[in-house]
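A quick note: this is a predicted structure, and the numbers were derived from the prediction, not measured.
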Amino acid sequence: MKLNGLFTILAGMLLAVGLTACEGEKDLKIIEGDLPIKTSTLYMVGDATPNGWDIGNPTPLQVTGDDALVFSWEGELRTGEIKLCLTTGSWDAPFIRPTVNGTEISRNNISDAQFAMHAGDPDDKWRVAEAGKYRLMFNLRQWTMSTEYLGEPDAPVIEPIEAEAVYIVGDAAPNGWNIDAPSQMEKVSQYVFKYEGALTAGELKACTQTGDWNAPFIRPTFGGCKINKSGIESEDFVFTTGPDDKWQVEESGMYRLTLDLEHWKAKVEYLGEIPASDKQPIEAEAVYIVGDATPNGWSIDAPTQLTKVSKYIFKYEGELMTGELKACTQTGDWGVSFIRPTFGGCKISLSGVESNDFVFTTSPDDKWNVTEAGQYRITFDLEHYTIKAEKLTSKQPLETEALYIVGDATPNGWSIDAPTQLKKESQYVFVYEGKLTVGELKACTQTGSWDVSFVRPTFANCKISKSGVENTEFVFTASPDDKWNVEEEGQYRLKFDLKAWTLSVETM
């Protein structure tokens, strides 16, 4: 009886607990929408803000008097980007962002636009399209933001900058980002400094002392201010520690850059292309290509090695996939200079390469973009800083009844109507024996027309001398108009093998 009574009591208790739980469930309410963002601090960070991208010291917003969850800020914004954070010192924390990346802040005011908050990607930010004075309002209760354009920015207080020396630094400058030995400008007068020389595509800013990245720099009034063949996008500059705005050189070339430290003005004149004589040949025992377009991918420890044709000519023959590639002269190190196109994304396709010029630099990290997979011959000329890309096909013997040489190195000169004919020794072998003078030559299978395919070297100015020919291989193509270059006058024997696609040269 006592045991049964105990079970009865326990059952009653369980039933009571169950009823209580059911009553509690009836009281649960689901809250829809975003909860208020509860914080006592709010900051903005970005190159448009006064403190730039300094996450350790971002620009604070102030709580309004009416609502502790409404923050405002009033002041000058530069052109650039903005996002907001609740705390300082961490890029991994959640950020307040626009719902659409690149939403513009401009003279057109924004009223109660929704924002989002999350950490990580996508790294959406507002973009200040027009510099000026603004009032920003962020309502953390309603998850909305508003902007009001208040007027033009104040003109900077311009006082002459006293300096004994001025330097340019950046991947566009000759000495790159070396702050200990940046490229020095010429002092023309007390406040005027001039640089005249090569600038490559990339960024630059100027400084009045070496060895210190925390010192004030001479910068454009907005990030990415363009320098190109037309000059400089805006002649005004500032002298400040931040934000870290830089000029953007869009086109490599010879430039004259003049900085007036009295009136805070910059002037740029384009002087022409970088002369080939200013490019020192790249001395290398080996050249490699690396990238997802290449057989060995991005392996810097085992990149794809090219064949050394001559002292400065390196060649790759084989398959390329769609993707990126660049070239290097040593393995195992991403921090060295790479052979790169003069602009990012330069296309390589089965019809050739978009631009034949290349640079040898650590940055910017520009790469070629292979747009068509296939079999290629890629030739790098480290003396003239050029690249050639050709579709590689299986070579069938070149069928012809006659072969001629034409050019100022040959007996009949550039006469396409009466070029110098070679002796046919067999079905595919043609021979010339006689005098060649210093100059150029190429070969053809017919007379009377320049608009046909010619027998040419695989690269321009392939040398013929008393030592022989620099590279024995040739191609049969209408362009580019590559020719052999005879460096020494003499009596020669040239043998063209149209089956092996080779030229041999001997002196007689």
Side-chain angles (χ1 to χ4, degrees), residues 24-154 222-224 240-245:
E25 287 179 358
K26 290 180 182 178
D27 294 334
L28 289 176
K29 294 182 181 178
I30 296 178
I31 300 174
E32 296 182 352
D34 292 317
L35 293 172
I37 303 171
K38 293 186 178 180
T39 179
S40 59
T41 56
L42 186 63
Y43 307 89
M44 61 181 181
V45 66
D47 51 8
T49 70
N51 293 359
W53 288 110
D54 186 355
I55 193 62
N57 183 35
T59 303
L61 282 74
Q62 303 299 321
V63 174
T64 64
D66 300 330
D67 192 329
L69 293 184
V70 177
F71 290 78
S72 67
W73 179 85
E74 189 173 312
E76 288 190 10
L77 293 178
R78 303 159 63 85
T79 56
E81 295 179 319
I82 290 178
K83 56 184 177 180
L84 288 88
C85 50
L86 310 184
T87 60
T88 67
S90 174
W91 292 112
D92 298 325
F95 280 81
I96 291 175
R97 313 167 183 275
T99 56
V100 176
N101 185 40
T103 296
E104 288 191 357
I105 294 175
S106 66
R107 296 170 186 261
N108 298 320
N109 296 338
I110 299 173
S111 179
D112 296 327
Q114 291 291 316
F115 62 72
M117 185 171 75
H118 63 81
D121 293 327
D123 189 18
D124 297 334
K125 298 178 281 287
W126 284 276
R127 185 174 71 85
V128 178
E130 297 175 277
K133 295 179 181 177
Y134 287 88
R135 179 181 295 114
L136 307 182
M137 191 82 69
F138 284 82
N139 188 326
L140 306 191
R141 190 180 304 281
Q142 303 298 328
W143 291 57
T144 61
M145 63 87 67
S146 302
T147 70
E148 183 181 356
Y149 180 78
L150 303 177
E152 296 283 345
D154 292 332
F222 56 91
T240 177
T241 55
D244 191 20
D245 293 332

query: What closest approach, in Å, do Ile55 and Cys85 show between heavy atoms, and which atom pair accounts for it?
result: CD1-SG, 4.1 Å
message: Nearest 0.5 Å, please: how far is CD1 in Ile96 from CD1 in Ile37?
response: 4.5 Å
- line: So NZ of Lys133 and OH of Tyr149: to nearest 0.5 Å the spacing works out to 9.5 Å
message: Quick check against the 3.5 Å criterion: does Asn51 have a side-chain atom that pairs as donor or acceptor with the backbone of Asn57?
response: yes
field: Side-chain heavy-atom pair Met137, Val70 within 4.5 angstrom cut-off
entry: yes
message: Could you report the tightest heavy-atom contact between Pro58 and Val45, atom names first, then the distance?
response: CB-CB, 4.3 Å
query: Roughly how far apart are Asp67 CG and Asn139 CG, rounded to 0.5 Å?
result: 6.5 Å
- request: Ignoring hydrogens and angles, tell me if any N or O in the side chain of Thr41 forms a donor-acceptor pair with the backbone of Leu86 under 3.5 Å.
  value: yes
message: Tell me whether the rings of Trp143 and Phe115 are parallel (<30°), tilted (30 to 60°) or perpendicular (>60°).
response: parallel
query: Side chains of Asp244 and Trp53: does their closest heavy-atom pair fall under 4.5 Å?
result: no
message: In the structure I gave you, are the side-chain heavy atoms of Leu84 and Met145 within less than 4.5 Å of one another anywhere?
response: no
- request: Name the orientation class of the two ring planes belonging to Trp126 and Phe138 (parallel below 30°, tilted from 30 to 60°, perpendicular beyond 60°).
  value: perpendicular
Flag, side chain of Glu76 to backbone of Asp154, donor-acceptor distance under 3.5 Å: yes
- prompt: Rounded to the nearest 0.5 Å, how far apart are OG1 of Thr144 and CD1 of Ile110?
  reply: 11.5 Å
- prompt: When Val128 is tested against each of Ile105, Thr147, Asp47 for side chain to side chain contact (heavy atoms under 4.5 Å, CB included), which residue passes?
  reply: Ile105
task: Indicate the atoms forming the closest heavy-atom contact of Ile82 with Ala48, along with that distance.
output: CG1-CB, 3.8 Å
- prompt: Does the side chain of Met44 come within less than 4.5 Å of Pro50's, by heavy atoms?
  reply: yes
Approximate separation, where rounding is to 0.5 Å, of Ser72 OG and Leu42 CG: 10.0 Å
query: Measuring from Glu104:CD to Glu130:CD, what's the distance to the nearest 0.5 Å?
result: 8.0 Å
message: Please find the pair of heavy atoms, one from Ala116 and one from Thr99, that lie closest to each other, and give the distance.
response: N-CG2, 4.2 Å
statement: In short, Pro98 meets Thr103 closest at the heavy-atom pair CB-OG1, 3.8 Å
field: Short N-O contact, Arg107 and Glu152, less than 4.0 angstrom
entry: yes
- request: Taking the side chain as every heavy atom from C-beta outward, state whether Trp73 and Thr49 have any pair of such atoms under 4.5 Å apart.
  value: no
statement: Closest non-hydrogen contact found for Thr39 with Phe71 is O-CZ, 3.7 Å
Asp123 backbone acceptor or donor facing Lys125 side chain under 3.5 Å: yes
- request: Start with the C-alpha gap between Asp112 and Gln142, add the side-chain angles, then the distance that decides, and say whether side-chain contact (heavy atoms from CB on, under 4.5 Å) holds.
  value: CA-CA 9 Å; Asp112 296 327; Gln142 303 298 328; over 6 Å; no
